[in-house]
There are 2 protein chains.
Amino acid sequence: MPRRSASPTITQVAEAAGVSRATVSRVLNGSTRVDPGIAIRVREAAGTLRYRPNLTARNLSTGRTLTIALVIPDLGNPMFQVILRGISRAAEADGYSVLVAEVASPEREAAIAREARRQCDAVVLVSPRMDDQVLDELVEQISPVVLVNRRTTDPRFASVGIDYAAGMKQLVEHLVGFGHRDLLYASGPPRSVANRERLTALHALVDADPALTLRSIRCGSGLADGYRVAAEVLDSGATAVLAFNDLVAHGLLTRMHELGVDVPRDLSLTGFDGIELSRVLNPHMTTVGQEELDAGTVAWTLLRRRIQRSDAQGRPEQDDARDDVLLEPQIIIGDSTGPVTSR
Amino acid sequence: MPRRSASPTITQVAEAAGVSRATVSRVLNGSTRVDPGIAIRVREAAGTLRYRPNLTARNLSTGRTLTIALVIPDLGNPMFQVILRGISRAAEADGYSVLVAEVASPEREAAIAREARRQCDAVVLVSPRMDDQVLDELVEQISPVVLVNRRTTDPRFASVGIDYAAGMKQLVEHLVGFGHRDLLYASGPPRSVANRERLTALHALVDADPALTLRSIRCGSGLADGYRVAAEVLDSGATAVLAFNDLVAHGLLTRMHELGVDVPRDLSLTGFDGIELSRVLNPHMTTVGQEELDAGTVAWTLLRRRIQRSDAQGRPEQDDARDDVLLEPQIIIGDSTGPVTSR
DNA sequence: CTGTTAGCGCTTTCAA
DNA sequence: TTGAAAGCGCTAACAG
């Protein structure tokens, strides 16, 4: 039975052009060492047959897939979407495709990453929640890899992230400048490394200034989480609340509004991440974020270099110097923060 | 020179277990026709060697990749993120991976889809902007395919989308119930099919009721677009504005607030899509959206069936009955709409 | 510059 | 039930 319009193979192109498959391959892959006349014949044959090389076969032969995997905790979070977008655009510009793998539950994180690596040349781990030890071992296995928003204890591994401590410093100084002394942190997911680092940074800042007080409450990472804890925030009596991220801040803000609490008159509020929403919605949210370069783009730069290295593994070229980019966030001052007033 | 920790091949497992590669393949792929004792030996060998089949080789051999491509116009839009998330989760549950391809410019849409199809078993086209004719031809080439938010003129092609007309009907009836007669549509991207269909639906509704007036202004699809056209909206004197989507509505809302316009007292405002933001931010936005089933999940259901069909292409089984799912949106009544007041 | 020849690692007939 | 052998479609040594 005749396969209906099975796509042509390199063999058919070779026959049509009256040359060998190797020659077809050379022409189509831009090898200069080929007779111009033959090249034209081959291209014509390929054109009329509408030949497209089978990528799977090529991948098997070359050992490369020109695909990278992005392992991401939550496709619903705007932060991660920005990273996905950045890395997708950068990678595609270099001819690489992006496979997306969402981590359903933190326990499956390592397994998913390993699985993803089997069909890709490299992987980007975004905000992995696993332990340092597990992470170190994993990274070694699935290398080349770049970590986003997380570093490891092993200095060999590349990473890119925001300097959370610097960001928190800017926020706290901003609040302190407004006279706030009694701070509250609405914390993110307990397993989130970003959350732990932000909290640690806050503690360090507050410890350095005896006038300051810091408390924290459990919250979460989404709009609904902020909304939910609003009352608890009020009960605390703090004059300023630093939310784990922008979504939480917006959730809080919404609920405050409903409760008749005026932000920033009654309470100052800051976010983190600098998502678009924070700059457009009313009132504009005070937050910190990275402006020019997004982590996704940087991650691709780092990753590409490592892919090339491991391609040219003939000479290991022990130049695995640590690539560790720490992006400096900028404070974005909105209307959600203001001077302390007696209430 | 010794490859450092090259991953083991099926041949090495076969040697370690003292069997042929074929047997290893059978055991690992769950063929029942294999001696239990041998099966155990093979599994042990595979286990100690930490053997993982090379997927590229398997793909070449089987002709399947267990990967699908999602071709999406804009990774920044929450609507599309929901679709990506839905399809990603559904596909992964069935052992399929998802490749994401963002369409940089509408002209490259078809090319990108074709390219994506080369490394995948099927593709999901989300809100394609190309002409019907181009689309029809493309779909035939890259089949199996499912269209999201777009139908074709060819009844053979599967699609899933929201019933925009039904959604608009609910919004308009809601507004009319509040006494609004003078409506304004803040339109989306001109090439967007969703935009055209929403506008068409609006026209039909307004034409059916002589009391109603409809005007429309050019706007866009993002927060900033809504923000930008706020003044123009006010100048129109309309009492109710239907925004192309929720983002536009939020942008409008923000700017209205800044301009001292009270929503909904001075102006009623509706969105479209029902993104999470609309239900959490203040005031809650009146919009329409799909609640239970998201388009991504449905798309996977449709696509899986078609993949199976084309796998079993021995008997074409001309059961390509049209799969055309039209999801019924529900109105979500928020605080952004209210009765007409004299202003 | 071109063709021949080996594979890449796996699955899958086909015999035994 | 198992093994031998062919082949998926391509690239890349190596001769010529």
Side-chain angles (χ1 to χ4, degrees), chain A residues 3 5-43 45-46 49-67 117-121 311-314, chain B residues 1 3 6-43 45-46 49-67 117-121 311-314:
Chain A
R3 276 219 185 301
S5 78
S7 51
T9 74
I10 197 172
T11 304
Q12 298 174 41
V13 177
E15 286 170 355
V19 298
S20 73
R21 295 180 306 173
T23 300
V24 176
S25 178
R26 289 190 195 103
V27 171
L28 270 35
N29 291 316
S31 169
T32 55
R33 320 182 161 287
V34 52
D35 182 281
I38 292 193
I40 291 179
R41 282 220 317 276
V42 169
R43 274 189 237 285
L49 288 177
R50 306 184 126 271
Y51 169 71
R52 310 260 55 191
N54 177 313
L55 292 183
T56 304
R58 171 181 287 173
N59 292 345
L60 179 58
S61 185
T62 61
R64 291 176 302 109
T65 64
L66 297 186
T67 301
R117 178 63 176 83
R118 291 176 63 202
Q119 37 194 333
C120 295
D121 296 341
D311 273 0
Q313 58 185 349
Chain B
M1 86 191 91
R3 274 221 186 301
S7 52
T9 74
I10 197 173
T11 303
Q12 299 173 39
V13 176
E15 285 171 355
V19 298
S20 73
R21 295 179 306 173
T23 298
V24 175
S25 176
R26 290 192 194 100
V27 170
L28 268 35
N29 291 316
S31 169
T32 55
R33 318 182 161 289
V34 53
D35 182 282
I38 292 193
I40 291 179
R41 281 219 317 275
V42 169
R43 275 189 235 284
L49 289 176
R50 306 183 127 273
Y51 170 70
R52 310 262 54 190
N54 177 314
L55 292 183
T56 305
R58 170 180 287 172
N59 292 345
L60 179 59
S61 185
T62 59
R64 290 176 303 107
T65 65
L66 297 186
T67 300
R117 177 64 175 84
R118 291 175 63 202
Q119 36 193 335
C120 295
D121 296 341
D311 272 359
Q313 60 186 348

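Reminder, nothing fancy here: chain letters follow the sequence lines and each chain counts from 1.
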Please check the phosphate of C:dG3 (OP1 and OP2 only) for any side-chain N or O of A:S20 closer than 4.0 Å. yes
Under the side chain to side chain donor-acceptor pair (under 3.5 Å) test, residues paired with B:T11 that sit two or more places apart: none
Using a heavy-atom distance cut-off of less than 4.0 Å, which residues of residues 52-60 of chain B contact DNA chain D? B:L60
In chain order, what residues pass the side chain to side chain contact (heavy atoms under 4.5 Å, CB included) check against B:R118, with sequence neighbours excluded? A:R52, A:P53, A:L55, B:E115
Atom pairs under 3.5 Å: protein N/O with N/O of nucleotides 13-16 of chain C:
none

Checking only heavy atoms, does the side chain of A:S61 share a donor-acceptor pair with the base of C:dG7 at less than 3.5 Å? yes
Whether the side chain of B:T62 engages the backbone of B:R58 through a donor-acceptor N/O pair (distance < 3.5 Å, no angle test) should be reported. yes
Atom CG of B:N29 and atom C1' of C:dC10: how far apart are they, to the nearest Å? 9 Å
Students often get this wrong, so: under 4.0 angstrom with heavy atoms, is B:T23 touching a base, only sugar-phosphate, or nothing? sugar-phosphate
Which residues satisfy the side chain to side chain donor-acceptor pair (under 3.5 Å) test with B:R21, sequence neighbours excluded? none
B:S25: side chain to side chain donor-acceptor pair (under 3.5 Å) partners, not counting sequence neighbours: B:N29
Can you name the residues that form a side chain to side chain contact (heavy atoms under 4.5 Å, CB included) with B:R43, not counting sequence neighbours? B:V27, B:A39
With sequence neighbours left out, which residue pairs that include part of residues 24-42 of chain B fulfil the salt bridge (charged side-chain N to carboxylate O under 4.0 Å, His left out) condition? none
What range of DNA chain D does chain B touch, first nucleotide to last, counting atoms under 4.0 Å from its heavy atoms? D:dT1 to D:dG9
Axis-to-axis angle between the two ends of the helix from C:dC1-D:dG16 to C:dA16-D:dT1 (five base pairs per end, rounded to 10 degrees): 40°
How many Å lie between CZ on A:R21 and P on C:dG3, as a whole number? 12 Å
Taking side chain to side chain donor-acceptor pair (under 3.5 Å) as the definition, give me every residue that meets it alongside B:N54, ordered by chain and number, with sequence neighbours left out. none
